[in-house]
Asks: 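This is the structure I have questions about; it appears just below.
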2 protein chains.
Amino acid sequence: MKNSIDQLPARQQQALKTRQKLLQAGKEVFLEKGFQKATISQVIKKAKTGYGTAYVYFKNKDELFITLMEDLMNQFYEVAEMPFKPQAKEEAYENIKKQVRLFLQLAMDERDMMKVVKEAIGVSPEIEEKWYGIRERFIERISVDIRYAQAQRLAKENLDPALTARGWFYSNEMFMWELVMNQEKYQINDVIVNLTRMYTGGLYE
Amino acid sequence: MKNSIDQLPARQQQALKTRQKLLQAGKEVFLEKGFQKATISQVIKKAKTGYGTAYVYFKNKDELFITLMEDLMNQFYEVAEMPFKPQAKEEAYENIKKQVRLFLQLAMDERDMMKVVKEAIGVSPEIEEKWYGIRERFIERISVDIRYAQAQRLAKENLDPALTARGWFYSNEMFMWELVMNQEKYQINDVIVNLTRMYTGGLYE
DNA sequence: TGTTTGATTGACACTATGTCAATGATATAA
DNA sequence: TTATATCATTGACATAGTGTCAATCAAACA
């Protein structure tokens with residue numbers, strides 16, 4: 001149990017605690033005010049620290065938010081890495097549906113936070129970059145899956161894996177944001193079924 | 001020729017001219033600095049007017065930018081309203097390809113401005129709203145097209161027109177932004193062909 | 001106990017916004 | 001022609017946020 005928090009020197013303990021207070025207060029303020037309207041003053045007030053203290057632990061508002069996002073983003077990375085080795089078209093269809101559901105469900109489980117994330121992506125280049133990392137990870141992974149399906153003669157070979165993966169993820173991502181911002185508008189299941197049908201079979205007879 | 005600019009009272013002429021100077025200066029500043037880093041001070045300096053003058057003609061930076069966007073947005077509306085009455089699957093495929101090309105081409109022709117638009121969408125709820133208007137117009141129009149194709153027995157009837165239209169537009173939109181931000185990464189033709197193939201025929205055999 | 005180290009702090013300099021009372025120039029009326 | 005009304009123009013001001021830093025305070029150490 002070396003390095004357990006409660007046997008650190010009291011000074012470092014205190015510092016850790018201050019940092020935690022700032023993170024907790026930050027989360028509350030971001031959820032309440034949104035990203036743009038949240039200010040450092042509101043955070044330090046809620047955390048009961050001095051103004052300068054926030055800047056000791058975080059370079060600025062963006063960095064504070066990125067730290068708060070990290071957990072959530074790691075969960076997305078996990079979904080992106082799901083294995084995919086279908087032996088038949090039907091199995092592929094089911095696998096795909098399952099991954100779409102996990103992706104959308106994760107976003108909906110963290111809906112309040114995801115709303116703030118969306119706002120933050122638009123405002124802060126650093127946070128946008130973080131999200132692009134997730135996106136590219138998904139697309140890379142889906143590309144691999146498509147190449148695998150093509151090798152198995154399940155998928156059409158005249159489609160470019162990278163472009164197809166990208167287009168497919170874009171639809172998923174945008175529906176995700178739509179559901180996050182506008183839960184009531186669509187049934188999550190309808191979205192999944194329609195997306196997957198489109199992807200696997202196309203629109204035309 | 002009633003109301004032609006040069007027979008208005010000199011005072012109104014002057015006012016019009018001031019407004020134009022602000023718009024021109026605004027465009028230059030936005031293109032040079034981007035949306036967030038553009039300031040009213042930079043604009044009025046370039047327009048050679050007093051600080052307060054900008055606020056006489058525009059409520060704030062957002063309104064000034066929206067005025068500058070208007071032309072461009074109307075061009076998108078025109079693309080959205082393109083007619084679509086295919087008699088056969090091949091004709092549908094060609095029609096769709098044509099519309100995708102117009103959409104992407106318009107964005108690329110106004111690439112510098114579209115970069116700023118993208119940034120502005122993320123920062124300003126009013127501007128985001130404007131873009132959502134365009135998006136919904138496209139989706140509405142595509143939904144109609146899909147229903148038409150379904151009625152003609154060209155398109156699969158087990159797909160929901162509204163959801164399918166939305167998913168399809170999302171792919172197009174996101175590729176558009178990708179091309180705008182990152183021209184060199186993809187060949188515009190490859191994108192069009194792959195998107196259209198996916199949409200009409202799906203990924204799986 | 002005295003000294004060093006590092007956590008904490010708020011005042012400060014800076015940058016931007018949006019408002020408004022004053023100014024100046026044009027149109028109108030006498 | 002002159003007086004007056006109208007309205008475009010203006011920059012100083014109040015406000016609100018950011019990020020920095022020299023000073024302070026308390027724990028660790030010698």
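Chain letters run A, B, ... following the sequence lines, proteins first, then strands; residues in each count from 1. In what follows, every heavy atom counts, from backbone to side chain, and hydrogens, waters and symmetry copies are set aside.
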Asks: Would you say A:Thr18 places a side-chain N or O within less than 4.0 Å of OP1 or OP2 belonging to C:dT8?
Replies: yes
Asks: Atom CD1 of A:Ile40 and atom P of C:dT8: how far apart are they, to the nearest Å?
Replies: 16 Å
Asks: Atom NZ of A:Lys17 to atom P of D:dA26: distance rounded to whole Å?
Replies: 15 Å
Asks: From NZ of B:Lys45 over to P of D:dG11, roughly how many Å is that when rounded to an integer?
Replies: 14 Å
Asks: Which word best sums up how the rings of A:Tyr199 and A:Trp168 line up, parallel for under 30°, tilted for 30 to 60°, or perpendicular for over 60°?
Replies: parallel
Asks: Whole angstroms only, please: what is the NZ-P distance between A:Lys48 and C:dA7?
Replies: 23 Å
Asks: Regarding B:Thr39, tell me which of base, sugar-phosphate or nothing describes its non-hydrogen contacts under 4.0 Å with the strands shown.
Replies: sugar-phosphate
Asks: How close or far is atom C1' of D:dG17 from atom CZ of A:Phe35, stated in whole angstroms?
Replies: 14 Å
Asks: Could you tell me the separation between the CD atom of B:Gln20 and the P atom of D:dA8, rounded to a whole number of Å?
Replies: 16 Å
Asks: Before accepting this row, confirm whether a basic side-chain N of the pair A:Arg137/A:Glu81 lies closer than 4.0 Å to the acidic partner's carboxylate O.
Replies: yes
Asks: Between the side chain of A:Lys61 and the main-chain N/O of A:Phe35, is any donor-acceptor distance below 3.5 Å?
Replies: yes
Asks: Does D:dT10 have OP1 or OP2 under 4.0 Å away from a side-chain N or O of B:Tyr51?
Replies: no
Asks: From CZ of A:Arg19 over to C1' of C:dT8, roughly how many Å is that when rounded to an integer?
Replies: 16 Å
Asks: Output the single nucleotide from C:dA27, D:dT9, C:dT9 whose closest atom is nearest the side chain of B:Arg11.
Replies: C:dA27
Asks: Hey, which sits more toward the 5' end of DNA chain D by its nearest nucleotide, B:Thr49 or A:Lys59?
Replies: B:Thr49
Asks: By nearest atom, which of the nucleotides C:dT17, C:dT9, C:dT5 is closest to the B:Lys61 side chain?
Replies: C:dT17
Asks: Between B:Gln20 and B:Gln24, is there a side-chain donor-acceptor contact under 3.5 Å, judged purely by atom types and distance?
Replies: no
Asks: Over how many whole Å does the gap from A:Gln12 atom CD to D:dA28 atom P extend?
Replies: 9 Å
Asks: Side-chain N or O of B:Thr53 less than 4.0 angstrom from OP1 or OP2 on D:dT10?
Replies: yes
Asks: Decide, yes or no, whether a salt bridge links B:Lys118 with A:Glu128 under the criterion of side-chain N to carboxylate O below 4.0 Å.
Replies: yes
